[in-house]
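Inspection log for the structure reproduced underneath, given as structure tokens.
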Amino acid sequence: MQFTTVSACMISLAVASANAATLPKRQSDALIAQFRVYSAAGCFDRNEGFFTIDQSQANNCTSFAPYDADTPFVSIELQDVLTGGENCALYLYSDTGCTANSTVAALDVCQDAAVIQPGASLPTWNSYYYSCPTSS
Ligand SMILES: *[C@@H]1O[C@H](CO)[C@@H](O)[C@H](O)[C@H]1NC(C)=O
Ligand SMILES: *[C@@H]1O[C@H](CO)[C@@H](O)[C@H](O)[C@H]1NC(C)=O
């Protein structure tokens with residue numbers, strides 16, 4: 001998984017790069033999906049960048065906590081499903097541990113968060129799980 005910000009702010013870019021650099025990356029990994037995150041409802045305003053999902057990151061919970069401290073993710077749109085991702089499903093959650101308010105994000109459909117976390121002013125998404133068939 002890699003998060004790429006589109007923010008013009010150099011500090012944000014440096015932070016995103018540092019985060020990406022700490023993630024393990026396998027040589028054989030194929031990119032299988034990509035989704036975009038926004039810090040406003042509707043998947044239009046306040047585009048914060050996109051996440052790429054590699055084969056090795058399927059069937060694993062990823063918290064948004066390292067990425068959304070200043071810009072909570074309020075809406076998310078699955079934009080690309082590539083070879084290897086066809087039979088998979090992107091699940092979004094209101095908590096950071098992939099348990100609460102599980103919602104499937106269909107391709108090219110905006111998913112607005114619906115659950116407001118304690119202390120927050122807007123509903124937010126806080127983790128995702130890309131579920132793929134494991135028997136092959
Ligand atoms: C999920 O991620 C953790 C931490 O990066 C890793 O140890 C584990 O092997 C991963 N699980 C799967 C199914 O890829
Ligand atoms: C979200 O999940 C929590 C905990 O599972 C539950 O109590 C709450 O009713 C859910 N909210 C919605 C809008 O589904």
Side-chain angles (χ1 to χ4, degrees):
M1 188 272 316
Q2 183 175 345
F3 176 50
T4 303
T5 179
V6 295
S7 169
C9 172
M10 292 310 289
I11 292 168
S12 296
L13 286 169
V15 169
S17 301
N19 284 338
T22 63
L23 295 168
K25 176 87 178 166
R26 287 184 215 160
Q27 204 67 38
S28 61
D29 248 7
L31 174 65
I32 56 175
Q34 179 176 311
F35 63 90
R36 193 167 284 278
V37 295
Y38 304 80
S39 56
C43 299
F44 185 78
D45 290 327
R46 305 193 61 187
N47 178 354
E48 300 296 348
F50 60 88
F51 281 77
T52 55
I53 305 171
D54 292 336
Q55 194 88 59
S56 70
Q57 287 140 3
N59 300 319
N60 214 344
C61 180
T62 300
S63 168
F64 291 139
Y67 309 102
D68 69 352
D70 297 327
T71 54
F73 301 156
V74 176
S75 63
I76 289 176
E77 185 167 326
L78 178 61
Q79 294 189 313
D80 272 315
V81 174
L82 305 164
T83 304
E86 303 93 337
N87 299 317
C88 306
L90 174 63
Y91 290 85
L92 305 173
Y93 301 86
S94 64
D95 69 333
T96 56
C98 298
T99 59
N101 312 108
S102 171
T103 300
V104 177
L107 185 63
D108 293 328
V109 176
C110 181
Q111 294 295 334
D112 287 328
V115 178
I116 300 175
Q117 298 303 307
S121 55
L122 289 170
T124 52
W125 294 120
N126 291 289
S127 60
Y128 81 88
Y129 187 104
Y130 199 63
S131 176
C132 295
T134 49
S135 56
S136 55

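Just follow the structure's listing: the first ligand is 1, and inside any ligand the first atom is 1. As a basis for the values below, the full set of heavy atoms in this structure was taken, side chains included, without hydrogen atoms, waters or symmetry mates.
No hydrogens or angles considered: a donor-acceptor pair under 3.5 Å links the side chains of Asp29 and Ser56.
With a 4.5 Å cut-off on side-chain heavy atoms, Pro123 and Val115 do not count as touching.
For a threshold of 3.5 Å applied to N or O pairs, the pair formed by Asn101 and ligand 2 contains at least one separation below that value.
With values rounded to the nearest 0.5 angstrom, Asp108 atom CG is found 7.5 Å from Gln79 atom CD.
The nearest protein atom to atom 13 (C) of ligand 2, hydrogens excluded, is given as Val115 CG2, 3.8 Å; this is a heavy-atom distance. Ranking protein heavy atoms by distance to atom 5 (O) of ligand 2, first place goes to Ala100 CB, 4.3 Å.
There is a protein heavy atom less than 4.0 angstrom from atom 11 (N) of ligand 2.
Of the heavy atoms in Thr99, none comes closer than 4.0 Å to ligand 2.
Between Leu31 and Thr52, the shortest heavy-atom contact is CD1-CB, 3.5 Å.
Residues passing the ring-ring contact (aromatic ring centres under 6.0 Å, His included) test with Phe64, sequence neighbours excluded: Phe51, Phe73, Tyr128.
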